[in-house]
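Working notes for the structure below.
These numbers come from the heavy atoms of this one structure, side chains and all, not from hydrogens, waters or symmetry mates.
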Protein chains: 2
Amino acid sequence: MFAIGEASRQSGVGIETIRYYEREGIVPKPERASNNRRMYSTHDIGRLCFLKKCRDLGFPLADAKTLLGLSEGDSEDCQSVKDLAEHHVLNVREKIRKLRRLEAALTELTANCDSGNVSCPMLSQLRAV
Amino acid sequence: MFAIGEASRQSGVGIETIRYYEREGIVPKPERASNNRRMYSTHDIGRLCFLKKCRDLGFPLADAKTLLGLSEGDSEDCQSVKDLAEHHVLNVREKIRKLRRLEAALTELTANCDSGNVSCPMLSQLRAV
DNA sequence: ATAACTCCTGTAGCAGACTACAGGATCAAG
DNA sequence: CTTGATCCTGTAGTCTGCTACAGGAGTTAT
């Protein structure tokens with residue numbers, strides 16, 4: 001069993017954040033030592049690692065919580081997990097698509113700037129209703 | 001010229017948000033009618049559309065403001081305009097790179113997910129050290 | 001034993017970007 | 001003329017996801 005500082009180091013989740021996750025019910029309340037300090041099992045730390053990875057992947061905390069719940073359900077509901085992930089990946093793809101359009105617009109702007117042209121047709125497009 | 005509600009409908013930016021943008025100096029103060037109501041030109045509405053698109057692309061509001069400035073060529077120094085625009089292009093490309101890595105990671109995670117699985121490979125992966 | 005560290009609870013603050021009133025005034029339609 | 005929609009200013013609250021104290025207590029190293 002590990003103290004919160006060690007759990008933090010092992011999982012990469014900050015101490016304050018761990019306590020915040022506990023307050024928010026994202027992770028269950030850990031055991032307490034006789035001196036009232038939180039004690040984390042390797043399983044508890046595994047949960048924190050799981051959450052860290054989900055967050056790093058850009059999942060909102062609520063989704064991370066759901067995924068964690070799914071990962072610990074009696075029957076791992078693979079379809080729900082997949083749905084959540086695929087919904088997330090669709091969002092990511094949409095963002096990429098839009099960013100590429102903006103990249104083109106910005107590239108066009110710099111090109112026009114080179115040639116001394118002030119008005120940019122693609123930015124006009126961005127302004128359009 | 002259009003009232004704020006119409007500007008909101010045309011641009012997709014909420015009324016309160018438009019006023020917020022004005023307070024924050026993101027957009028210039030619009031003309032006022034004799035009854036003190038804000039009146040927006042199509043150009044003003046174009047600005048709101050531009051901001052909306054930037055925000056939809058995930059740009060922070062401050063960046064959106066800068067981009068809006070660029071799109072209107074409000075700098076007297078063409079070189080610094082170009083530098084700013086190119087800097088933004090680099091930011092956009094970096095964002096795209098990160099999102100594509102994320103997309104790849106998510107796709108790989110879901111690749112082996114099928115509703116028949118007893119244990120979910122994606123969850124196993126997320127649990128792994 | 002003293003200092004330095006870690007932990008506790010509880011509360012508050014922050015950043016970004018809105019969003020929601022309250023309490024009026026004004027406008028458009030019937 | 002009344003009703004209801006829209007607008008005004010100003011202030012305050014919301015949401016996400018932390019992050020930072022304050023003030024106290026137990027732990028560890030020298």
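- A/I15 places its CD1 atom 12 Å from the C1' atom of D/dT19, with the value rounded to the nearest Å.
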field: Per-nucleotide protein contact string for nucleotides 20-30 of chain C, where B marks a base within reach and S marks sugar-phosphate only (heavy atoms under 4.0 Å, - for neither)
entry: BB----BS---

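- For C/dT6, neither phosphate oxygen OP1 nor OP2 lies less than 4.0 angstrom from any side-chain nitrogen or oxygen of A/R38.
- Atom CD in B/E24 sits roughly 13 Å away from atom P in C/dA15 (whole-Å rounding).
- For A/P60, the listed nucleotide lying nearest its side chain is D/dG17; candidates were C/dC18, D/dG17, C/dC7.
- If you take CD of A/E6 and C1' of D/dT28, they are 15 Å apart, rounded to a whole angstrom.
- Grouped by direct or indirect side-chain proximity (heavy atoms under 4.5 Å, Ile/Leu/Val/Met/Phe/Trp/Tyr only), B/M39 sits with B/M1.
- Between A/T17 and D/dT19, a side-chain N or O to OP1/OP2 separation shorter than 4.0 Å is present.
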- request: Step by step, work out the side chain to side chain donor-acceptor pair (under 3.5 Å) result for B/D63 and B/T66.
  value: CA-CA 5 Å; B/D63 284 7; B/T66 304; 5.1 Å; no

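- Legend: residues meeting side-chain contact (heavy atoms from CB on, under 4.5 Å) with A/T42, ordered by chain and number and at least two apart, are A/F2.
- Partners of B/R23 by salt bridge (charged side-chain N to carboxylate O under 4.0 Å, His left out), not counting sequence neighbours: none found.
- Nearest to the side-chain atoms of A/R32 among the listed nucleotides C/dC7, C/dT9, D/dC7 stands C/dT9.
- Under the rule for a salt bridge (charged side-chain N to carboxylate O under 4.0 Å, His left out), B/E24 has no partner lying at least two apart in sequence or in another chain.
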Acceptor/donor pairs from residues 12-20 of chain B side chains to any protein atom, 3.5 angstrom cut, sequence neighbours excluded:
none

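- An OP1 or OP2 oxygen of D/dG17 is reached within less than 4.0 angstrom by no side-chain nitrogen or oxygen of A/Y21.
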